[in-house]
Amino acid sequence: MASSPTDFLAELAWRGLLFQQTDGAAAALAAGPVSGYCGFDPTADSLHVGNLVSLMGLVHLQRCGHRPVALVGGGTGLIGDPSGKATERQLKTVEEVQANVAAIRAQLGRVLDFDGATGARLVDNGDWLRSLDLITFLRDTGKHFTVNWMLQKDSVESRLASESGISFTEFSYMLLQAHDFAELHRRHGVTLQLGGSDQWGNITAGTTLVRKLHGAEVHGVTLPLLTNAAGQKFGKSEAGAVWLDAARTTPYAFYQYFLQGDDRDAGKLLRTFTLLDRATIEALEATIGENAAAREAQRTLAREVTTLIHGEAAARTAIELSTLLFQKGDPATLSDEALAALAREVPFASVTPAADGALDTLALFADAGLAESKGAARRLLQQGGLSVNGVKLGAGDTTIDRDRLLRGGHLLLRKGARDYGLVRVQG
RNA sequence: GGUGGAGUAGCCAAGCGGUCAACGGCAACAGACUGUAAAUCUGUCGGCUCCGGCCUUCGAAGGUUCGAAUCCUUCCUCCACCA
């Protein structure tokens with residue numbers, strides 16, 4: 001399973017995760033174990049599956065015998081990376097960034113392995129950037145860059161052309177990231193930086209600075225932006241980003257996101273998000289051609305990724321619930337445990353019936369969040385898109401009989417083919 | 001600074017005094033067919049609704065008119081060409 005230390009780039013390459021690399025990166029990696037880092041912006045209190053791509057880069061680095069260093073931008077997060085952004089960002093407060101840093105550290109910690117000779121390190125650039133004084137920074141870092149060079153970076157160039165321009169604050173961002181690379185080189189002997197393809201400019205700023213400051217040759221590798229078969233940025237569902245935080249995206253929803261994926265994406269996603277070896281993945285890809293209906297590839301993908309992020313127990317629950325909802329069918333047989341799990345994993349609402357005790361279908365679906373409004377619920381009802389306890393409702397079913405309540409006063413609602421919600425009727 | 005053009009729902013884009021909540025396309029949602037897939041076909045698609053309607057929209061603010069997305073005035077923004 002473990003490959004030799006020289007295989008990192010080859011590993012990324014067959015997985016389709018290698019975009020750009022600095023000259024000499026392969027030779028440097030082949031020469032022996034290195035320490036490589038990747039930064040994560042604390043723009044929210046959770047990473048999402050888009051961030052997971054470069055995190056997987058660190059995981060592969062470690063499995064290939066190198067030391068991964070995960071950096072959380074507690075300092076740079078206070079500035080804002082202009083890369084890939086069309087307009088200036090709203091500054092975040094120190095408290096907000098610190099809370100985000102803490103949450104993201106915990107997520108990174110769950111995926112990386114901290115034991116052994118190549119145990120991962122977790123660092124926060126706020127530790128050195130926040131105490132960095134301006135004069136020192138300008139003399140030691142700023143002096144090594146010409147503005148002419150900085151202006152040529154894509155991230156800056158595109159913003160110069162736009163009406164809103166770019167503030168001096170964000171313009172300086174690349175220098176801070178370059179400073180990080182130099183600092184990590186000095187403190188931890190880091191000689192490699194990984195990042196998404198939009199980070200190339202920032203990464204080369206870092207390799208340049210380390211060369212000038214320490215006379216050392218360090219390297220950068222970027223991973224491609226992940227897109228789906230429809231050509232869209234991967235990781236967005238209709239509900240927004242797919243988060244790694246169980247409070248934002250439940251393990252069930254996370255599992256379902258990968259399970260529901262397009263056949264055409266399955267192979268790419270297996271290569272990107274699982275640690276399965278090449279032969280296994282190719283065998284799974286073959287099953288799509290042979291027996292696509294079994295969706296063996298998607299099932300494996302969803303199970304592997306959910307296990308990686310949420311752990312085995314949560315993955316098992318997600319699979320059980322999925323089986324329950326999509327395979328078996330009769331909600332009346334649901335156990336108390338299953339109902340409790342459902343309440344945690346699918347949208348849940350407690351509703352109070354009207355004074356006369358009648359259960360209004362439209363209000364139920366609207367309250368459960370499965371429809372935007374009662375009007376929207378009505379349209380869905382008329383189109384035959386709603387069901388209760390696995391039984392499709394007709395256009396005339398504007399109220400629900402109380403004798404359909406499951407144990408504990410629950411009703412299992414479904415909108416369309418796969419959106420479930422659970423409500424508990426009070427009293 | 002000058003001249004000309006343009007700003008319409010999530011995006012693109014018609015409309016140029018009433019029949020406009022606004023043609024059409026994309027995206028999205030639902031149904032049929034399937035495999036919790038894709039493609040295809042059908043329907044929905046500003047907000048709310050006691051389904052009778054009600055409310056708010058066509059860059060912004062005023063005005064003309066019985067009536068304006070459509071005409072007028074001022075302002076804002078973008079694009080092109082000229083300086």
Side-chain angles (χ1 to χ4, degrees), chain A residues 86-87 158-159 161-165 227-234 236-242 249-270 284-303 305-306 318-329 331 342 345-347 353-356 358-388 390-399 412-421:
Chain A
T87 53
S158 60
R159 288 279 290 279
S162 83
E163 188 217 344
S164 56
T227 54
N228 64 19
Q232 297 154 331
K233 204 167 176 179
F234 185 78
K236 302 280 187 199
S237 70
E238 66 276 12
V242 178
T249 302
T250 65
Y252 166 78
F254 188 86
Y255 176 85
Q256 282 286 324
Y257 179 76
F258 285 98
L259 183 67
Q260 288 169 10
D262 196 308
D263 289 358
R264 295 169 294 177
D265 291 325
K268 188 203 283 195
L269 296 179
L270 280 165
L284 283 168
E285 285 181 298
T287 66
I288 297 173
E290 290 156 10
N291 182 14
R295 294 194 340 292
E296 197 55 36
Q298 283 96 329
R299 281 180 203 289
T300 307
L301 168 70
R303 187 185 66 234
V305 191
T306 309
I319 294 169
E320 279 170 19
L321 283 180
S322 298
T323 307
L324 220 57
L325 295 176
F326 290 99
Q327 246 98 90
K328 297 280 188 340
L342 259 180
E345 298 285 336
V346 305
D356 60 3
L359 297 171
D360 177 28
T361 307
L362 304 180
L364 283 175
F365 279 88
D367 289 347
L370 289 175
E372 298 268 323
S373 68
K374 289 171 73 176
R378 176 181 297 274
R379 285 192 286 271
L380 286 164
L381 183 67
Q382 283 163 352
Q383 294 184 119
L386 301 179
S387 58
V388 167
V391 180
K392 185 176 281 195
L393 297 176
D397 294 329
T398 51
T399 58
L412 181 63
L413 310 181
R414 194 185 67 179
K415 178 209 123 190
R418 43 184 181 246
D419 281 346
Y420 282 94

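Lettering of chains follows the sequences in order, A, B, ..., and the numbering in each one begins at 1. Just the heavy atoms: all of them, side chains too, but no hydrogens, waters or symmetry mates, feed the values below.
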Once you round it to whole Å, what is the distance between C1' of B/A30 and OH of A/Tyr420?
16 Å
Using 4.0 Å as the upper bound for N to carboxylate O, is an ion pair formed by A/Arg295 and A/Asp263?
no
Can you tell me the distance, in whole Å, between the CG atom of A/Asp367 and the P atom of B/C48?
13 Å
Quick one: is A/Arg418 getting a side-chain N or O under 4.0 Å of the B/A37 phosphate, OP1 or OP2?
yes
Would B/G52 be called syn or anti here, given the cut-off of 90° from 0?
syn
When you compare B/U74 with B/G2, how far apart are their P atoms, in angstrom units rounded to a whole number?
14 Å
Between B/G35, B/A38, B/U36, which nucleotide has the shortest distance from any of its atoms to the side chain of A/Ala293?
B/G35
Measuring from the side chain of A/Asp262 (C-beta onward, heavy atoms only), which nucleotide among B/C50, B/G31, B/A38 has the closest atom?
B/A38
Should A/Lys374 be listed as having a side-chain N or O under 4.0 Å from OP1 or OP2 of B/C50?
yes
Check every strand shown and say whether A/Gly416 touches a base, only sugar-phosphate, or nothing at a heavy-atom separation below 4.0 Å.
sugar-phosphate
Counting just side-chain N and O atoms, does A/Lys415 come under 4.0 Å of either OP1 or OP2 of B/U36?
no
What would the secondary structure line of RNA chain B be in dot-bracket form, counting Watson-Crick and G-U wobble pairs under 3.5 Å, with [ ] for pairs that cross earlier ones and | for pairs with another strand?
((((((((.[[[..)..(.....]]].(((((.......))))).(((....)))...[[[[[..)....]]]]]))))))).
Mapping A/Ala417 and A/Asp360 to their closest nucleotides on RNA chain B, which lands nearer the 5' end?
A/Ala417
Rounded to the nearest 0.5 Å, the CZ atom of A/Phe326 sits from the CZ atom of A/Arg414 at a distance of 8.0 Å
Verify the ring-centre separation between A/Tyr257 and A/Tyr252: is it less than 6.0 angstrom?
no
Please compare A/Lys392 and A/Arg299 by the position of their nearest nucleotide in RNA chain B and report the one closer to 5'.
A/Lys392
Tell me: CG of A/Asp263 to C1' of B/A39, nearest whole Å?
12 Å
Roughly how far apart, to the nearest Å, are B/C66 and B/C20 at atom P?
22 Å
Would a 4.5 Å heavy-atom cut-off, applied to side chains only, mark A/Phe254 and A/Val305 as touching?
yes
Send over the distance from A/Gln256 CD to B/A37 P, rounded to a whole Å.
10 Å
Show me the protein contacts with nucleotides 44-47 of chain B, counting only N or O atoms at under 3.5 Å.
from, atom 1, to, atom 2, distance (Å)
B/U44, O4', A/Gln383, OE1, 3.4

Nearest to the side chain of A/Arg378 - B/C29, B/A37, B/C50?
B/C50
Could you give the distance separating B/A14 and B/C33 at their C1' atoms, to the nearest angstrom?
34 Å
Looking across every strand, which nucleic acid part, if any, lies under 4.0 Å from A/Leu380 by heavy atom: base, sugar-phosphate, or nothing?
sugar-phosphate
Separation between the P atoms of B/C16 and B/G7, rounded to whole Å
14 Å
Just one of A/Asp397, A/Thr361, A/Leu412, A/Leu393 clears the side chain to side chain contact (heavy atoms under 4.5 Å, CB included) bar with A/Val388, so which one?
A/Leu393
